[in-house]
2 protein chains.
Amino acid sequence: MSNSGQFSFRKHVAPQPSGNIGKAERTRAAILNAALGIIWSHPFRDMTVGSLMAETGFSRSVFYQYFDDLHDLMKTLLEDLQVDIFDVTGAWFEGVGDPIVLLDESLSGLVTVCYKFGPILRAVDDAAATDERFEKDWRRFLGKFDDAVTSRIEADQQQDLIPGFDARPIAIALNRLDAYTLINAFGQRPRKNPKPVNEALSRIWIASLYGSEWPEKGSSNLVRK
Amino acid sequence: MSNSGQFSFRKHVAPQPSGNIGKAERTRAAILNAALGIIWSHPFRDMTVGSLMAETGFSRSVFYQYFDDLHDLMKTLLEDLQVDIFDVTGAWFEGVGDPIVLLDESLSGLVTVCYKFGPILRAVDDAAATDERFEKDWRRFLGKFDDAVTSRIEADQQQDLIPGFDARPIAIALNRLDAYTLINAFGQRPRKNPKPVNEALSRIWIASLYGSEWPEKGSSNLVRK
DNA sequence: GTTTAAATTGACAAGATGTCAAATTCTGGG
DNA sequence: CCCAGAATTTGACATCTTGTCAATTTAAAC
């Protein structure tokens, strides 16, 4: 899905013995494209195998030749999304340079990708609610980020760039912040303006991790009146 | 749902002309209790009208005498939850006293309630994915918090307790942080330990809103090596 | 061109939903 | 105590969606 939106699934088209492209691969790609088309303008709950295959012109049973069910199809979409997202957020995770600058870069990359693929992200989350196996896939996806963020925080803590709190709960919380703020903002059209979203996420991440001064509970200078 | 868990739906039981309780009310309550019982140990997707009514001993069609569909039932559960949550988070919203202390109180109240009713919260979110009308209810619910938090932030900004950023995007982001961190932690058993969750949320909210020192991008004292 | 494997189809059984008319059970007035 | 009317409950039905299968059509290799 590194291409720009709805159509053409080069990624899924395996090379053919001859220079030609197999019918099967073309059919599979057509189904995936039809799915994207639906997801872009309708919630996941409105996509049935029937409505999906109607878009393609093939009969309904063809679907089952290529996918186990709709959630299996969503898994493919999620895998593509995962590549794009890890690509674009790599900077901070690798961590060479000013961590605040890197974090800012990673977040704005994330916002850009999710702005582009917001409806897919939303469909993935919706689909996870209705299928046990796919829910696990979605959790695994989020879990990878939880691990990566936890590691990054712990590394920076060892250098005293980040105060020494329990990293994992914060990592989990910040990832849920991202995922659901982005789904809320870009999950359906009309999508919100990405700028304020980006600023909000940056502010919260940076304040939580690198904001150096920690007000004490009851610190007098913050008491009203 | 101010009572402690699965059973007894006094709230839904209307007073009777005579001291007695109508059969209808009892049936309705039995259905709601059965729903809670299911939600506590199974994901929402496994609850069908059939499985639900099997628990009650009534026939499946009785369900439709009392609710339009499962989402209509979930709406009732959400409404109860909403009361409990607004109850317990009121402190910071009203805002008389040290705002950091108040915020901390509100958050720990929220954690307590969600620890108690986590599976319901999760079921509500899952249910929202499968029904248009109920999704709107869930959004309205979150929206009320978005409004309340935005107001509170703006009020504190006017007193220079909080820096003058665009309040609404931050409010939305922080509410998604809460909702989905809590669903993740307490939405299914075994629930996580509430203490670290509470600490993580407090840290993030307080740092984002009242953390006074804001590191600049590229500030040299944070560059590695 | 024929053969063999892949791709596609239509028909089917199972499970869930929401509706309805009919049957049963309550309730209050005589 | 009994009965009429209302409230409650039931079983059967039509519809939709899903996933499977055997049969048929189409494409590729020899």
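Chain letters run A, B, ... following the sequence lines, proteins first and then strands; every chain starts at 1.
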Could you work out which one of [options] sits closest to the side chain of [X]?
X	options	value
B/Tyr66	D/dT9, D/dG19, C/dG18	D/dT9
B/Val62	D/dT9, C/dT9, C/dG18	D/dT9
A/Thr48	D/dT18, C/dT9, C/dA7	D/dT18
A/Arg60	C/dT19, D/dT8, D/dT18	D/dT18
B/Asp69	C/dG18, D/dG19, C/dA11	C/dG18
B/Gln65	D/dC21, D/dT17, D/dT8	D/dT8

How many Å lie between [atom1] on [X] and [atom2] on [N], as a whole number?
X	N	atom1	atom2	value
A/Met47	D/dC16	CE	P	20 Å
B/Phe63	D/dG11	CZ	P	18 Å
B/Ile31	D/dT8	CD1	P	12 Å
A/Arg28	C/dA7	CZ	C1'	15 Å
A/Phe58	C/dA6	CZ	C1'	14 Å
B/Tyr64	D/dG11	OH	C1'	15 Å
B/Arg26	C/dT25	CZ	P	15 Å
A/Met53	C/dG10	CE	P	12 Å

Exercise. Of all heavy-atom pairs between B/Tyr66 and B/Ile31, which one has the smallest distance, and what is that distance?
Worked result: CD1-CD1, 3.9 Å
Problem set entry | A/Asn184 versus B/Ile172, closest heavy-atom pair with distance | ND2-CG2, 3.5 Å
Exercise. If you measure only the distance, is there a donor-acceptor pair under 3.5 Å linking the side chains of A/Thr130 and A/His71?
Worked result: yes
Exercise. Do other residues, nucleotides or ligands put more than 12 heavy atoms under 6.0 Å from B/Glu154 CD?
Worked result: yes
Problem set entry | A/Lys144/A/Asp147 under salt bridge (charged side-chain N to carboxylate O under 4.0 Å, His left out): CA gap, chis, key distance, verdict | CA-CA 5 Å; A/Lys144 279 177 192 157; A/Asp147 293 344; over 6 Å; no
For this session: Determine whether any donor atom in the side chain of A/Ser61 lies under 3.5 Å from an acceptor atom in the base of D/dG19, or the reverse, and answer yes or no.
Result: no
